[in-house]
Amino acid sequence: MKNCYEPFPMHIERVVVETTDATLKSFELTFDRKEDCAEFFEKYNPGQFCQLSIFGKGEAPIGIASAAWEGNFVRFTVQKMGKFTSAIHAMRAGDPIGMRGPLGNGFPLGDWKGLHLLVIGGGCAFSTLYAMTKHILHPSHRAEYGEITALYGTRNSGLCLYKPVIEEWHNRDDMVVHQAIDVPEENWKYHVGFVPAVLEEIAPSPRNTVAVLCGPPAMTKFTLPVLTKLAFPPERIYTSLEKRMKCGVGHCGRCNIGHKYVCKDGPVFTLKELQELPNEI
Amino acid sequence: MPTKWISRKDLKKLPDQWLKQYDVYAPIQNGHELAFQLVKESAQIVWDVPSNPRYPAKSLFLPQSEVLMSYDGILHSVEKVERPKVLFGLHPCDARAIRLLDHALVDEQNPDEYWKSKRQSTIIVSTACISPDESCFCTAVGGSPFNTADSDALIVEVEDEFCVYVLTEKGGVLFSKLPDAEDAQREKVEKLTKKVEAGMPKAFPKKKLHDNLLASFETDFWKEVSQSCLGCGVCTFLCPSCFCFDIADETVRKERVRNWDSCMFRTYSLEASGHNPRPTKMERTRQRVMHKFVYWVDLVGEIGCTGCGRCVKYCPVNIDIRAIAQDALHREFEGMKK
Amino acid sequence: MPNTRDQKIQAEAKRLLQDGVVDVVIGFQKGTLPYKMQPCFISRADEVAKLTLNGLCSNNLAVYLNHWPKGEKTAIIVRGCESRAIQTLVLENRHARENLYLIGVPCIGILDLQKIGQQELQPVLAVQEEGDQVRVTFGNGEKLFKRNEALHDACLHCNHPQPLNADVVIDEAGLFEDGSFDKSYLHAFRNLSAKKRNEVFRAEAERCIRCYACREACPMCYCEECFVNHSRPQWIDSTIAPSGQQGWHIIRAFHQTGRCVSCGACERACPMNIKMTYLTDLLNQDMAAEYGFEAGLDAAAAPPFLTLGEDKGKFTGEQEEDHAN
Amino acid sequence: MTQKKPLIVLFQCQYCLASSLDQYWVEQELPENVKRVKVPCSGRIDPLYILNAIQGGADGIMVCGCMPEKCHYKEGNLHARRTLNEFRNFLNTLGYPQERFVFHWMNIDERGVIQPLLASFEERLKRSKDRPRLANRMLNQENG
């Protein structure tokens with residue numbers, strides 16, 4: 001019996017404290033069984049998520065923050081929030097953990113070939129965008145896409161994820177990276193202000209461009225109108241949603257918006273798709 | 001598929017024969033109530049069931065609490081070999097609900113094996129509902145008290161005898177020895193069908209209801225509808241076509257279990273951040289009704305309510321889904337599609 | 001067919017709405033099934049004709065005050081138990097008394113649907129209350145019940161059917177006087193052997209489907225987060241295993257100690273007909289015996305678990321008694 | 001045949017043992033069949049804790065707190081006495097015998113009392129014929 005609720009046995013390989021306040025940590029998990037690893041990477045597409053599982057603490061859906069080429073591990077960046085996330089924050093390298101996935105649809109990277117990309121992220125929701133960008137920046141994929149513009153906003157510089165890699169990105173000549181923080185700080189070289197305002201300031205061109213937006217609900221709510229104002233058509237604006245989930249495979253019922261299940265039909269939707277659904281996010 | 005005929009006396013003996021090979025589940029009296037339970041002998045079975053036993057038959061396939069996995073350092077699936085079963089004496093509305101749940105729980109990529117194995121091992125023999133209750137409205141939502149679509153066999157009582165419609169090969173096994181029904185007997189059944197159906201409510205216009213409800217989404221209609229709602233889980237737990245579940249860990253027993261959950265509960269969609277997409281009873285009531293009459297229609301082209309009447313009958317404050325649907329049909333909502 | 005009681009209620013409601021004394025009247029209207037009434041919220045004077053009150057009004061309307069906008073001027077139709085529930089809610093600062101206008105109605109008791117035969121075996125087509133008799137029409141004929149036989153247990157054991165502290169009392173005779181019934185059934189339960197008592201409790205609890213209708217129907221259950229929903233730690237088994245069912249019933253009842261007004265709304269809301277008011281009645285009886293306290297009777301007296309001072313003197317001797325055990 | 005030692009759950013107010021020797025004993029040298037739950041005050045003991053212990057298989061429950069007027073938090077112990085006494089009555093009615101649920105209010109001059117108290121409680125539990133009847137969390141049932 002292939003049971004869709006049974007997690008792969010995994011181990012935590014590495015834990016990285018991402019932010020200065022330690023509310024965000026990245027966990028790199030490796031597979032206990034080779035066949036699970038093969039099964040996972042056969043299906044994995046950036047933008048998907050997994051149900052991480054700690055017995056006694058339940059499960060939590062977390063976006064995948066690593067690209068397949070990085071190696072035989074899966075990275076998750078987790079914010080300490082509730083029962084499960086507090087438990088995983090207490091775990092260390094070497095601890096066992098369960099994982100189900102990859103789940104959901106992921107970004108339709110195939111459809112974006114030949115187009116420019118505008119990547120807009122806010123806070124910890126940047127993780128799947130990070131995986132996607134990493135995937136695209138790989139030499140074997142980079143040529144398939146046009147210009148890449150990234151805008152990443154955090155409340156302050158200490159809350160910025162993946163700092164070393166983002167520093168590298170700043171130095172690359174095949175992409176433009178804008179970073180923003182909410183309030184001014186000493187020695188800050190980049191933008192200051194909320195993401196929607198900064199986006200309006202840098203005013204990227206919508207021509208042949210796909211906008212991918214992931215962030216907290218408030219940011220999403222105010223950024224979408226800016227994109228529309230910049231003349232991005234709704235079918236070219238992609239965003240990834242979050243919901244409370246249990247099964248992750250469209251059975252348990254709770255993550256629906258209208259007749260779509262975020263776990264199965266999402267988490268990535270175009271603005272156009274969302275406009276056709278009831279307003280219940 | 002053949003149509004068979006059997007006398008009351010013989011039919012009452014039939015389950016005893018099945019018991020040799022199958023576990024038989026049928027409505028039996030349990031205290032004051034009826035319940036679908038394992039039968040030890042035919043005599044226990046309550047044959048004339050005008051109204052549905054309150055605890056729905058879905059529990060035989062999706063138990064209220066079910067152990068999914070056990071834990072000994074890692075989680076292992078609990079694999080159970082299902083005994084062959086006969087589920088007997090449910091009404092066509094309940095049978096239809098079970099078929100609807102196949103859509104919800106079994107998809108190609110990730111079938112729910114727990115549901116599937118129980119489903120495959122069970123023969124469903126329903127009995128036609130010849131005296132529907134006050135709260136029944138299967139005809140309004142696309143069903144019929146004589147619906148043959150969703151069972152393996154359907155038994156209809158006519159003048160103290162029984163007509164058996166064998167509907168699938170699976171169902172045929174149970175009735176292979178019976179004589180075929182004669183034309184006169186079939187006519188009697190058809191007459192009865194017409195008579196009972198005539199006394200039932202008319203079908204809701206599915207498309208109009210769908211569109212009206214969608215248009216009502218952000219109106220005060222739902223405030224009105226939900227004002228008296230208490231927010232308990234009676235309607236959803238007793239509903240034969242509600243399937244939402246929660247997965248929880250029982251650490252003492254080292255088991256991962258699933259339990260029925262209800263969209264009427266506050267914690268159902270509450271996220272760890274404190275954000276709740278359905279924060280009040282209004283959104284939750286709306287979700288329940290919209291799921292039945294809109295989302296099911298979008299997904300499988302059918303209304304997801306089977307008209308069994310349990311939520312109508314057992315709601316502590318008499319929130320009546322029929323009345324909500326009627327009300328929505330007869331109102332004008334802004335932005336309504338023509 | 002409105003009787004005079006209904007007309008008097010309607011007239012009062014109309015006056016309150018027309019004069020702008022209140023914004024809304026909470027009461028009952030006819031339901032969609034012959035044996036069901038539905039809580040309703042009347043905010044227009046021309047809608048008052050809907051209002052009715054009879055033996056089929058099975059809810060405790062005070063439950064709606066828990067999620068009610070606090071500032072809104074609200075009239076509510078109250079029987080004895082509802083008035084006591086509101087008194088307790090006001091005491092617990094759930095609502096300001098000055099925003100409430102209580103239309104008291106001497107109670108005529110609430111019919112028990114189980115007793116009048118609303119079950120799977122025969123559909124109920126009509127219920128008619130005729131003085132101290134109740135006529136029920138079933139699919140297969142009529143049956144006449146004596147009203148006392150058809151009343152819900154909680155009403156039969158009710159000691160205070162008269163509305164307390166109401167702003168106006170509808171001038172109609174109730175069915176009982178205050179203090180006309182007692183809770184001697186509890187003595188019978190207490191006198192059972194330990195094994196029997198546990199068997200009764202177990203048999204009731206094991207039908208529980210954890211739908212929490214009892215909680216939601218109860219005016220006193222207003223916690224933002226209920227202990228069964230608590231996840232860190234998870235106190236009560238989440239499944240329908242016996243420990244989960246029993247745990248729920250034990251703690252639910254215990255949280256009502258000295259607060260439960262014995263209205264029985266929990267029991268009437270239960271889809272599985274689980275008896276549960278005996279649990280809170282047991283606790284309330286202890287409170288009455290030990291501290292002379294009854295919930296909702298006195299607008300100023302807090303429940304015993306909130307008043308501790310007088311214990312200081314009595315407390316010392318106790319441990320010797322325990323030693324002797 | 002050796003009888004299994006009864007499982008005792010001791011709820012102990014952290015202030016009730018005035019002697020540091022006794023406190024050391026409950027912290028380090030408790031017999032294996034006694035599980036201790038240290039609480040800041042007996043008033044902090046929610047009935048849920050007791051129920052959890054019972055459903056976890058406790059054969060006996062002992063609550064240890066301070067004497068009246070000696071409570072670190074003024075009246076936590078008074079609260080504990082009222083609620084837990086009633087809870088004990090209630091459980092006794094439903095199937096957890098009251099002899100299995102005892103209180104001891106420690107006096108400030110009591111030394112070396114806790115050890116014999118636990119020992120005699122254990123003895124009484126061993127002799128007790130009235131068994132706990134409430135369901136244990138190990139039990140499972142499918143299909144209501």
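A, B, ... follow the sequence lines: proteins, then strands. Residue 1 opens every chain. In what follows, every heavy atom counts, from backbone to side chain, and hydrogens, waters and symmetry copies are set aside. Computed from a predicted structure; not experimentally measured.
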Checking Q29(C) against chain B: side chain, backbone, both or neither under 4.5 Å from a heavy atom?
neither
Quick check on the structure: residues of residues 279-289 of chain B within a heavy-atom distance below 4.5 Å of chain C, by number.
K281(B)
Quick check on E225(C) against chain B: is it the side chain, the backbone, both or neither that has a heavy atom closer than 4.5 Å?
both
Contact class of S262(B) relative to chain C, heavy atoms under 4.5 angstrom:
neither
Shorter than 4.5 Å, heavy atoms on both sides: which option in P34(C), S231(C), S238(C) has the most such pairs with chain B?
S238(C)
Donor-acceptor pair, side chain of N259(B) and main chain of I240(C), under 3.5 angstrom:
no
For each of R215(C), R268(C), R210(C), tally heavy-atom pairs with chain B at distances under 4.5 Å, and name the one with the top tally.
R210(C)
By a 4.5 Å heavy-atom criterion (distance strictly below it), what part of D237(C) contacts chain B: side chain, backbone, both, or neither?
both
Salt bridge K80(B)-E66(B), side-chain N to carboxylate O under 4.0 Å
no
Go through the atoms of Y64(C) and report whether side chain, backbone, both or neither lie under 4.5 Å from a heavy atom of chain B.
side chain
Against chain B, label M37(C) side chain, backbone, both or neither, depending on which of its atoms sit under 4.5 Å from a heavy atom there.
backbone
Strictly below 4.0 Å, N to O, side chains only: are D320(B) and K36(C) in salt-bridge contact?
no
In terms of heavy-atom pairs under 4.5 Å with chain C, the winner among A248(B), G231(B), C229(B) is G231(B)
Please state whether the side chain, the backbone, both or neither of S58(C) comes within less than 4.5 Å of a heavy atom of chain B.
side chain
If you measure from CD1 on I319(B) to SG on C311(B), what distance do you get to the nearest 0.5 Å?
10.0 Å
Among C214(C), A269(C), A203(C), A265(C), which residue forms the greatest number of heavy-atom pairs with chain B at distances under 4.5 Å?
A269(C)
Rounded distance (nearest 0.5 Å) linking atom CH2 of W47(B) with atom NZ of K12(B)
7.0 Å
Would you say Q245(C)'s side chain and C208(C)'s backbone share a donor-acceptor pair under 3.5 angstrom?
yes
Would you confirm whether T74(C), through its side chain, and E72(C), through its main-chain N or O, come within 3.5 Å as a donor-acceptor pair?
yes
Quick check for you: among L125(C), V63(C), I26(C), T32(C), which has the greatest number of heavy-atom pairs under 4.5 Å with chain B?
T32(C)
Taking T139(B) for the side chain and P201(B) for the main chain, is one N or O donor matched with an acceptor at less than 3.5 Å?
yes
Return the SG to CD distance between C57(C) and Q38(C), rounded to the nearest 0.5 Å.
11.0 Å
Residue D249(B) versus chain C: region with a heavy atom under 4.5 Å:
backbone
Determine whether a donor-acceptor pair (N or O, by modelled atom type, separation under 3.5 Å) exists between the side chain of E82(C) and the backbone of R79(C).
yes
Examine whether an atom of R258(B) lies under 4.5 Å from a heavy atom of chain C, and if so say whether it belongs to the side chain, the backbone or both; otherwise answer neither.
neither
Would you mind telling me which of Q227(B), R310(B), E134(B) has the largest number of heavy-atom pairs within less than 4.5 Å of chain C?
Q227(B)
Would you say the side chain of I321(B) lies within less than 4.5 Å of the side chain of F293(B), judging by non-hydrogen atoms?
yes
Interatomic distance, CD1@I86(C) vs CG@L61(C), rounded to 0.5 Å, equals 8.0 Å
For L60(B), is there any backbone N or O sitting under 3.5 Å from a side-chain donor or acceptor partner on K118(B)?
no
F245(B) and W115(B): aromatic ring centres closer than 6.0 Å?
no
Checking V312(B) against chain C: side chain, backbone, both or neither under 4.5 Å from a heavy atom?
both
